[in-house]
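Below is one structure, written out as structure tokens; comments come after it.
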Amino acid sequence: MATRTVTGTVYKPDGTAYYPANVVFTLVDAFETATEHYPAVDHTEATDAAGQFSTALGVPDTGTAYYRVTLPDNQWYEFYLAAGAAVDLVTLIVAPGSSVAQSDLQTLLDNNNQLSVREVTGAETLATSDEYIYCTGGAYALTVTPAIAAQTPYIINNYSAGVVTLTPTGADTINGAATWPIQPGEAYSLVVAAVGAWHAL
């Protein structure tokens, strides 16, 4: 039976582990090896208390198998899996040839790659050290630090029921505008395009 081990760690937006929770792997297209038939079915793996999981997925003798993974927050991703050594899920998601089906901004999968996480509940100015910001508590404005070359990107996710409005400092702009709204359920990566100019992606 040809398999490859896939491991990973799944976190909530606040940085704590998803537990108890299930990670569901779906083989999208059935395939056959020299000795086995792999039907297009779901395979569910439970996380442990640290949010970690490990599972053995079927792979073809040559080429790749086409999988979809659904995480506990219902985010799902597609990836292609070939035979080989054990691999972390985040590596598969960002590997060339993979297809990311939904925003990957709010799902932090690997402890070694985890961003610093901070909850914001009302109007304030972002810190230069912020990385991943998740907004709760309703509608308000966030003032963004000056767009200078040394500023690292922000990831901002709106979990609240109201619009969170990004307001640049001074004459800075975001995508050429004086303000930038983030609707409930939306997430943006905010990067410096030039001095005084942010890009919201």
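Note that the structure is predicted; figures quoted are calculated from it, not measured.
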### I155 CD1 to I133 CD1 distance, which is reported to the nearest 0.5 Å
8.5 Å
### Query
Do you see a donor-acceptor pair shorter than 3.5 Å between the side chains of E119 and T136?
yes
### Nearest heavy-atom neighbours spanning A65 and F31
CB-CE2, 3.6 Å
### Any residue meeting salt bridge (Lys or Arg N to Asp or Glu O under 4.0 Å) with E124, in chain and number order, not counting sequence neighbours
R118
### Query
side chain to side chain contact (heavy atoms under 4.5 Å, CB included) with Y19: which residues, sequence neighbours excluded?
T47, A49
### Query
So how far is it from Y154 OH to T152 OG1, rounded to the nearest 0.5 Å?
6.5 Å
### Task
Could you list the residues that satisfy side-chain hydrogen bond (donor to acceptor under 3.5 Å, both in side chains) with T55, not counting sequence neighbours?
H43, E45
### Query
Heavy-atom distance under 4.5 Å between the side chains of C135 and N157, does that happen here?
no
### Query
Could you give the distance from OH (Y11) to CG (D73), rounded to the nearest 0.5 Å?
14.5 Å
### Query
Listed by chain and number, what are the side chain to side chain contact (heavy atoms under 4.5 Å, CB included) partners of V192, not counting sequence neighbours?
A147, Q151, W198
### Task
Would you confirm whether N175, through its side chain, and A177, through its main-chain N or O, come within 3.5 Å as a donor-acceptor pair?
no
### Message
Is there a side-chain contact between L89 and V69 in this structure, where contact means two heavy atoms from C-beta onward sitting under 4.5 Å apart?
### Response
yes
### Message
Can you see whether D61 engages T33 through a side-chain donor-acceptor pair at a distance of less than 3.5 angstrom?
### Response
no
### Message
Which residues pass the side chain to side chain contact (heavy atoms under 4.5 Å, CB included) test with D29, not counting sequence neighbours?
### Response
Y66
## Note on the structure
Here the gap from T70 atom OG1 to D42 atom CG, rounded to the nearest 0.5 Å, amounts to 7.5 Å
### Query
How far does CG of L142 sit from CH2 of W180, to the nearest 0.5 angstrom?
15.5 Å
### Message
What I'd like to find out is whether the side chain of P153 reaches to under 4.5 Å of the side chain of L190, using heavy atoms alone.
### Response
no
### Task
Report yes or no: do Y140 and S160 form a side-chain donor-acceptor pair below 3.5 Å?
no
### Query
Do the non-hydrogen side-chain atoms of Y134 and V120 ever get within less than 4.5 Å of each other?
no
### Task
Indicate yes or no: at least one non-hydrogen side-chain atom of I156 is less than 4.5 angstrom from one of I182.
yes
### Message
Are the side chains of L27 and P39 in contact, using a 4.5 Å heavy-atom criterion?
### Response
no
### Task
Please list, chain by chain and in numerical order, all residues satisfying side chain to side chain contact (heavy atoms under 4.5 Å, CB included) with A161, sequence neighbours excluded.
none
### Query
Does T7 reach the side chain of V87, with side-chain heavy atoms less than 4.5 Å apart?
no
### Task
Using a 4.5 Å cut-off on heavy atoms from C-beta on, say whether the side chain of F79 contacts that of F25.
yes
